[in-house]
Amino acid sequence: MNPLLRLRAWLRHSLREPRLDLPLLAALVVLALVGLVTLYSASDLDQHLLVNQALRFGLGGVLLLLLSRVPPNVLRNWTPWLYLGSLALLVAVALHGQGRGANRWLDLGVVRFQPSELVKLTLPMMIAWYLHVRELPPRWLMLGAVAMLILAPALLIASQPDLGTALLVIASGVFAVFLAGLAWWRIFTLLGAAAAAAPLLWHFMHEYQRDRWRTLLDPESDPLGNGWHIIQSEIAVGSGGLAGKGWHHGTQSRLEFLPEHTTDFVFAVFAEEWGLIGVVALLALYLFIVGRGLVIAANARDTYSRLLAGAISMAFFVYVMVNGGMITGLLPVVGVPLPLISYGGTSAVSLLAGFGVLMSIHAHRKFMSG
Amino acid sequence: MKPHKTRAGGIKDAQREAAQFRRRALLGFILIALCLAALAARFWNLQIARHAEFAARSDNNRISVRSIPPTRGLIYDRNGVLLAENVAAFRLEVVPEQVKDMAAMLAALAHVVALSDDDIERFDALRKSKRAFDSIPLRLKLSEDEIARFSTQRWRFPGVDVVPYLTRAYPRGTDFAHVVGYVGRIDAADAANLDADEYAGTTQIGKTGIERRYENRLHGTPGYEQVEVNVDKRVIGKPISRVAPTPGKNLYLTVDARLQHAAMEALAGRPGAVVAIDPRDGEVLALASAPSFDPNLFVNGIGRADYAALTSNPDKPLLDRAIAGGFTPGSTVKPYLGLGGLELGLRRPQDTVLSTGEFFIPGQTRGYRDDVRGGQGLVNLRQAIARSVNTYFYSLALDMGIDRFSAWMGNFGFGQPTGIDLPGEASGVLPSRAWKRAKMNQAFYPGETVIAGIGQGYWVITPIQLANALATLADGGVRHVPHLLRATQDGLNAPRAPVPRAGAARNFIRDPANWDAVRQGMIDVVNGGGTAQGLGDGFPYVIAGKTGTAERYSRTGEEWQNIMSAPISRHEVLFEAFTPADAPRIAVVVALKEGHSGAYDAAPIARHILDEWLKDDDTGSRSP
């Protein structure tokens, strides 16, 4: 058969009969709609921005459907090459990257592409691939190998510098190891070592990153400078109260007191307009998505699928926690978007691609003929 | 599922791994749920526990209170003729906080709108007394061209805005420059003395005249509105709440614009003043000072050239001669002195004095001259007033003595401000022992008493003072405080509220017959062959008056020689008149800095005023 015709037939089949997890899909659709509604308000009714975001959701959705049709063992076979490929791209970014303030982008002529987003998927895949053939729970030697697999991309990303993405990448690797059943005594030894290394980490931080920690501890010391984001975000959240100010009545964002109110701080807009009730409902939705992802992981057919699905699901939580912690002044300002709500293309697309992998794992779960 | 070999050679137990995974996944889920619960707790802390604090800070962010300046009260004459009005204009305001480089901005702005050094100086001074986020006026009254030019380039000037406002205009211009005065830009000195809240948003304040005297009534009370502002302090949308300002009161003055205009016209720019008072209540009907100036020049900041022209003019157009111009009264004081002679029992009306052309103090050789060479023979009081016979008054003053003289003349208000409701009134000089002691630390000599009797020597009067004295005489010895404010009004259609009068002083004339004798003398001045004979021809009422011609310079001095070639400059000339003589309704004083004589220069001006007054009086339209 003509390859093009085959592709067409396959595409048609994929779109007509997606074997998807309907609860997860429904939760994602609801989340995307909440995201669009929130963004439309946060951008002060900017239709152009709304259409852009919807198009990205569309693209991510198509990617989700496509990936849901790729069997996990195909992914597994390709994993080392995908991982090495994404590493190569990160190196290319380090050499030829572009971007404002930070080198994150690779200009491919047609599109500009952020390889670190790709790593968010390929790294947990690689860890799962590495662990799935070995005897679990992992021992020190394996941990050392895993650490190298994690640190290679993480350091490249952190040096862009993009601490937020590096953090997410590391988290996805760490979750894979955790789910692989790493012994508790090893976990606590590692945590202790990390705590001991914290001053060393401080030493390697950029000055602006240190300022963010200082600001977190006392935002009022520089209310118009470094403290501004945190203070205005807390005011937005706090003034929302129990029921919120109502959709498009959030004065902090509409009057531009809140910076970055369509991207990193969109959660503050949501909290201001929908209040604690809205926030709890949204957190519950996120928890449901994570939980549903873990259920899919638990029902997966093999170790590779399990670890991959589990790592993707738990990494999703890290987005919510880091972003929510940031806008409420619990964590320092790190550029981590609120999943499917913050404006921005790459993270939405890569997140949906991750859920595509989850859908595929669901489709090829236990007791089903693959 | 069956176990299979791992790469390390160990055995992989799929079932155990799956079970292990499920435990870890469940544990992970619980940990995640706990973390999200902690995050929710943080939201609870911000949104519920500390909600009030953040709600207040949010409102603080977005709500800004702006003053709405009140509309300044209008000023009318007694008949409702508009003397001061408000007209719409545009000004340029700057919020210093929003300007990065003030010097560069001003330099660039100067290419778009005209900015004088004055504008920038005033702006800099005001900046020091205001807060950085206050909007401070830079240029007032932009032209239409300037507004158009600025509008197209507004983006270049963040923090600079064109703001509409009401500015003052004086439709009667020069006629009322000294009475109504003018408003001007609030300068740093004003700002230091003002209640900043009352004047937030107001750029102009009364500087002189009625505008300054009744500033507190004209200004009104500012309102305020709560507006929503964005992070750049720009106002977004409609006001949230608004308390309307209370406009200033409209003022109705006692002056008659037509009479005032007639007075200005009659003065024709000659340095001098005209004052007309209703003797029955002290209402000032006209208060003219010449030369005058255009008060509209001052409202939005007068240019340097215009200001220099006014201050360097030797005729001092900015001086209000009616209340602050010093004149030597000359013979105009004679009726008051004559009345004193009768009241103090020093003379009877029929007592005569021989005028020989020269008067000597007993035992002294220096002579005091009469106006007519060789004297005017035997004259009684009535004749002495009518013909202005010096000898009669030399002798009377000497008999009275300086102490009784100054006490008596003080009854008419000489030597002290009349209390007219205008700022800047001068007090003049009533010769007295105490005054000379304080001023020169010298005794008072009899010769000085003698010449005080004919209004010479140390005497200095202001036209309003003389007019007040004349009105007091005309009203039979009751002194009213001359005043300009007649009524106030809270709004255009509100009723006028008359201003309560200050109580009149007690009548100090004991015997009306004495008053009548003096009055007869003054009638004779105009109608009985006196110094202003013929002035009352064709006038329906009997006019009583008195001329005054005061020497400006000592006859022995150098100036006297120098001005011989220009005799018009030789005298200060005055005329005082009231009418109708039997029940006076108007008292007029005309004072000119230079002239031939009171009768020749000043009296016709007075007649002109009276003719103009008559038009209103006849029609009865002038309210009593």
Side-chain angles (χ1 to χ4, degrees), chain A residues 132-137 141-142 175 178-182 231-232 234-242 244-245 250-252 254-259 271-272 275-276 279-280 283-284 286-287 290-291 294-295 297-298 300 302-303 306-307 310 313-314 317-318 320-321 324-325 328-330 366, chain B residues 1 3-14 16-33 35-63 228-237:
Chain A
H132 89 281
V133 288
R134 287 175 174 76
E135 188 183 0
L136 297 179
L141 202 66
M142 289 161 67
F175 286 136
F178 170 81
L179 290 169
L182 185 64
I231 291 172
Q232 295 305 329
E234 285 189 14
I235 291 175
V237 173
S239 64
L242 179 66
K245 295 178 182 173
T251 53
Q252 283 288 102
R254 188 162 52 79
L255 302 173
E256 291 168 30
F257 290 97
L258 185 66
E272 183 182 18
L276 186 64
V279 167
V280 168
L283 290 180
Y286 280 126
L287 186 62
V290 172
L294 288 173
V295 167
D302 55 29
T303 305
R306 259 201 303 272
L307 292 181
S313 304
M314 288 182 75
F317 147 78
V318 177
V320 180
M321 194 64 204
T328 53
L330 280 181
K366 271 189 275 189
Chain B
M1 298 214 182
H4 66 270
K5 280 204 162 189
T6 64
R7 280 190 194 175
I11 301 297
K12 256 184 100 69
D13 182 342
R16 198 175 57 81
E17 272 182 24
Q20 168 85 327
F21 180 90
R22 266 196 288 274
R23 281 200 302 277
R24 282 294 165 97
L26 182 63
L27 186 64
F29 181 77
I30 290 169
L31 285 176
I32 285 171
C35 281
L36 290 179
L39 188 59
R42 174 65 177 174
F43 275 99
W44 185 89
N45 173 253
L46 293 179
Q47 298 193 291
I48 307 295
R50 293 169 67 189
H51 171 65
E53 171 197 340
F54 287 115
R57 289 181 68 174
S58 165
D59 281 348
N60 231 10
N61 266 347
R62 77 187 176 97
I63 296 174
E228 201 170 71
V229 296
N230 71 4
V231 69
D232 300 324
K233 299 228 157 50
R234 263 190 208 291
V235 177
I236 309 289

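Source: prediction; values computed, not measured. FYI, side chains are in, hydrogens and waters are out, and symmetry mates aren't considered; it's all heavy atoms of this structure. Each chain gets a letter, A, B and so on, in the order its sequence line appears, and its residues count up from 1.
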side-chain contact (heavy atoms from CB on, under 4.5 Å) for B/Leu39 and A/Leu330? Distances and angles first, verdict last.
CA-CA 9 Å; B/Leu39 188 59; A/Leu330 280 181; 4.3 Å; yes
Using a cut-off of under 4.5 Å on heavy-atom pairs, state which of A/Leu294, A/Leu179, A/Leu258 scores highest against chain B.
A/Leu179
Do A/Val237 and B/Phe54 make a side-chain contact, defined as non-hydrogen atoms from C-beta onward lying under 4.5 Å apart?
no
Value for OG (A/Ser239) from CZ (B/Arg57), rounded to nearest 0.5 Å, stands at 10.5 Å
Which atom names give the shortest non-hydrogen contact between A/Gly241 and B/His51, and what distance separates them?
CA-ND1, 3.2 Å
With heavy-atom distances below 4.5 Å as the criterion, would you say the side chains of A/Lys245 and B/Ser58 are in contact?
yes
Chain B shares the most heavy-atom pairs under 4.5 Å, among A/Gly310, A/Ala284, A/Gly244, A/Ala271, with A/Ala271
Where do B/Asn61 and A/Leu255 land on the side-chain contact (heavy atoms from CB on, under 4.5 Å) test, with the steps shown first?
CA-CA 9 Å; B/Asn61 266 347; A/Leu255 302 173; over 6 Å; no
Applying a strict 4.5 Å limit to non-hydrogen atoms, the region of B/Glu53 in contact with chain A is neither
Apply side-chain contact (heavy atoms from CB on, under 4.5 Å) to the pair A/Val280 and B/Trp44, showing each step before the final yes or no.
CA-CA 9 Å; A/Val280 168; B/Trp44 185 89; over 6 Å; no
Part of B/Ile48 lying under 4.5 Å from any heavy atom of chain A:
side chain
Working for side-chain contact (heavy atoms from CB on, under 4.5 Å), residues A/Arg254 and B/Glu228:
CA-CA 11 Å; A/Arg254 188 162 52 79; B/Glu228 201 170 71; 3.2 Å; yes
Please check if the side chain of B/Gln47 supplies one atom and the backbone of A/Gly238 the other of a donor-acceptor pair under 3.5 Å.
no
Does any part of the side chain of B/Phe29, heavy atoms only, come nearer than 4.5 Å to the side chain of A/Leu287, both counted from C-beta?
yes
Looking only at heavy atoms, what is the nearest atom pair of A/Phe257 and B/Val231, with distance?
CE2-CA, 3.6 Å
Per-residue contact mode, A/Val320 against chain B (heavy atom under 4.5 angstrom):
both
Taking the six-membered ring of A/Phe178 as reference, does the NZ or CZ atom of B/Arg24 fall below 6.0 Å from its centre and within a 45° cone about the axis?
yes
Flag the one option from A/Met314, A/Gln252, A/Glu234 with the top tally of heavy-atom pairs under 4.5 Å to chain B.
A/Glu234
How many angstroms lie between CD1 in B/Ile63 and OG1 in A/Thr251, if you round to the nearest 0.5 Å?
8.5 Å
Quick one: of A/Glu272, A/Met321, A/Met142, who has the most non-hydrogen atom pairs under 4.5 Å with chain B?
A/Met321
Side chains of A/Arg306 and B/Gln20, heavy atoms from C-beta outward: is any pair under 4.5 Å?
no
Engaged part of A/Leu307 at the chain B interface, taking heavy atoms whose separation is under 4.5 Å
both
If you measure from the Lys or Arg side-chain nitrogens to the Asp or Glu carboxylate oxygens, is any gap between A/Glu256 and B/Arg62 under 4.0 Å?
no
Side chains of B/Leu36 and A/Phe317: does their closest heavy-atom pair fall under 4.5 Å?
yes
